[in-house]
2 protein chains.
Amino acid sequence: MTGTGSTEAKARRSDATRAAILTAARERFAADGYERATIRAIAADANIDPSMVMRYYGNKEKLFAAAAEFDLRLPDLTEVPRGEVGTRLTGHLVDRWEDDDTLMALLRAAVTNQAAAERMRELFAAQLGPAVAALVTDPAEVPVRAGLVATQALGFALTRYVLRLPPVVALDRAEAVAWLGPTMQRYLAGER
Amino acid sequence: MTGTGSTEAKARRSDATRAAILTAARERFAADGYERATIRAIAADANIDPSMVMRYYGNKEKLFAAAAEFDLRLPDLTEVPRGEVGTRLTGHLVDRWEDDDTLMALLRAAVTNQAAAERMRELFAAQLGPAVAALVTDPAEVPVRAGLVATQALGFALTRYVLRLPPVVALDRAEAVAWLGPTMQRYLAGER
DNA sequence: ACTGTAGGCCAACGCCTGTTGACATGTCGA
DNA sequence: TCGACATGTCAACAGGCGTTGGCCTACAGT
């Protein structure tokens, strides 16, 4: 056995560096988008040489792929009272957005980078889709309703965290949920 | 008098070139975002030399500023039946988005470029704000309601035209208006 | 204690970028 | 007809980018 003796896999001496790179990458991608986030800047943030980034992640594209790994951690909406799924989902998404900048990295990059956009599509198809499917009776309605939810969720994130429209920035969590919750509710479980 | 004899201002011989540059710039900024849209590519599209772009627009920043000039042409919502302002506004925005790629250029650029983001904020404050103000009785509510409208409008545009989430792309104009209209209605004139 | 190897740094490459200045061409007023 | 000025081309610059390969250095397994 090697190293510090963890229970699983082999702990490499370079794990700390790898993690530092990933953290710095997420921050840079989140703040600057795909093309303005340079390998050199990321390396500088992580206090290592740019060539280390290449050694550990191959190239910029793969680095982004690693940094953009993300789990929405959606709650099981079937256990929530039918009339509250909208506010519940909205609150969860706001929280998820605020405590992890991976989503921001994904969003900023997805606007100018094809691979990132594909990632975003997968994220909604693979994570939001199933959550919505558990609520909707007619399977044919699932994609549209999930899409509409994405519409409002991403629009809120875009205007609040990226464009920073003052009145949207000014909303506190409760106000945001109160305004957006009913919209989500209708998209998830409303008529039509 | 000079040139082709228009009624106002002086028509320069280079006006065609200036317009070609502007058109190419809008298309490139819309398709690629601010940093990936290069002066060289824009010049190539317009069939001229990159240095002409500099001569006529000074630098890339000013070129963008000129290309991102935009008027939402919002209808006078006070002449629309109170209950239909949501669908009316939604329909107008969808149309506006589809027949002019300036908005797309503005959105794609605003995600990674500060000046473009500021432009976007101004656009909503100066154009959407007043339109909303004409509908809402309490002036204190105007900014929030306009912000919420922006939230849904930009979210729809983002998911449909930029991220291209399949179910959102699949909506036709009528379906989009039917789904988003009520949301807009509530943001514009709903309770709370 | 010795040595192989993983971890890390440095310098350089080829390419692309925005931007500049010198030069050629054409057009229009005098 | 002539000259001034607008229009346009060409070549180059300085800097930044992703990426590569060679070279030290220090630790881990024997």
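Atom set for the values below is all heavy atoms of this structure, side chains included, hydrogens, waters and symmetry mates excluded. Every chain is numbered from 1, with letters handed out A, B, ... down the list of sequences.
- For DNA chain C, the neighbouring residues in residues 18-37 of chain B, judged by any heavy atom under 4.0 Å, are B:Ala37.
- Qualifying side-chain hydrogen bond (donor to acceptor under 3.5 Å, both in side chains) partners for B:Thr87, counting only residues two or more places apart in sequence or in other chains: none.
- B:Ser51 pairs by the side chain to side chain contact (heavy atoms under 4.5 Å, CB included) definition with B:Asp49, not counting sequence neighbours.
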Go through the steps to decide whether B:Thr90 and B:Phe156 satisfy the test side-chain contact (heavy atoms from CB on, under 4.5 Å), and finish with yes or no.
CA-CA 10 Å; B:Thr90 305; B:Phe156 178 71; over 6 Å; no

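- A salt bridge links B:Glu98 with B:Arg160; the closest basic N to acidic carboxylate O contact falls under 4.0 Å.
- Across the protein-nucleic acid pair, B:Ile39 atom CD1 and D:dC13 atom P stand 21 Å apart, rounded to whole Å.
- Look at CE on B:Met52: it is 5 Å from C1' on D:dG8, rounded to the nearest Å.
- At least one side-chain nitrogen or oxygen of A:Tyr56 sits closer than 4.0 Å to the OP1 or OP2 atom of C:dG8.
- With sequence neighbours left out, A:Pro166 forms a side chain to side chain contact (heavy atoms under 4.5 Å, CB included) with B:Arg121.
- Ion pair B:Glu84/B:Arg88 not flagged as a salt bridge, since none of the NZ, NE, NH1 or NH2 atoms sits closer than 4.0 Å to an Asp/Glu carboxylate oxygen.
- Atom-to-atom, NZ of B:Lys60 to P of C:dG18 comes out at 4 Å; the value is rounded to the nearest Å.
- Taking A:Asp101 as the reference, nothing meets the salt bridge (Lys or Arg N to Asp or Glu O under 4.0 Å) condition, with sequence neighbours excluded.
- Between the side chain of B:Thr38 and the base of C:dC16 there is no donor-acceptor pair of N/O atoms closer than 3.5 Å.
- Legend: residues meeting salt bridge (Lys or Arg N to Asp or Glu O under 4.0 Å) with A:Arg108, ordered by chain and number and at least two apart, are absent.
- You'll find a donor-acceptor pair under 3.5 Å spanning the side chain of B:Arg55 and the base of D:dG8, going by distance alone.
- The salt bridge (Lys or Arg N to Asp or Glu O under 4.0 Å) search around B:Asp45 returns B:Arg28, not counting sequence neighbours.
- Side-chain atoms of A:Val144 and B:Trp179, non-hydrogen and from C-beta on, do get closer than 4.5 Å to each other.
- Dashed line: the shortest gap from a side-chain N or O of A:Ser14 to OP1 or OP2 of C:dG7 is under 4.0 Å.
- For DNA chain D, no neighbouring residue in residues 61-69 of chain A is found when judged by any heavy atom under 4.0 Å.
- Contact check, A:Thr17 against C:dG8: a side-chain N or O comes under 4.0 Å of OP1 or OP2.
- In this model, the phosphate group of D:dT19 is not approached by any side-chain N or O of A:Ser51 to a distance below 4.0 Å at OP1 or OP2.
- For A:Asp95 and A:Arg173, the salt-bridge test passes: some basic side-chain N is under 4.0 Å from an acidic carboxylate O.
- The CG-P distance, from A:Asp49 to D:dC24, rounds to 16 Å in whole Å.
- Taking the side chain of B:Arg12 as heavy atoms from C-beta on, and the options C:dG7, C:dG18, D:dT7, the nearest nucleotide is D:dT7.
- In this structure, B:Asn59 places its CG atom 18 Å from P of D:dG15, rounding to the nearest Å.
- Comparing C:dT19, D:dT9, C:dC9 by their nearest atom to the side chain of B:Met54 picks out C:dT19.
- Of the residues in residues 40-47 of chain A, A:Arg40 come within less than 4.0 Å of DNA chain D through at least one heavy atom, sorted by number.
- Under the salt bridge (Lys or Arg N to Asp or Glu O under 4.0 Å) criterion, B:Glu175 pairs with no residue, sequence neighbours left out.
- Few gaps surround CD on B:Glu122; more than 12 heavy atoms of other groups in view lie less than 6.0 Å from it.
- Applying the ring-ring contact (aromatic ring centres under 6.0 Å, His included) test to A:Tyr34 and every residue at least two apart in sequence or in another chain returns A:Phe29, A:Phe64.
- Taking every heavy atom of residues 106-113 of chain A and every atom of DNA chain C, no pair lies under 4.0 Å.
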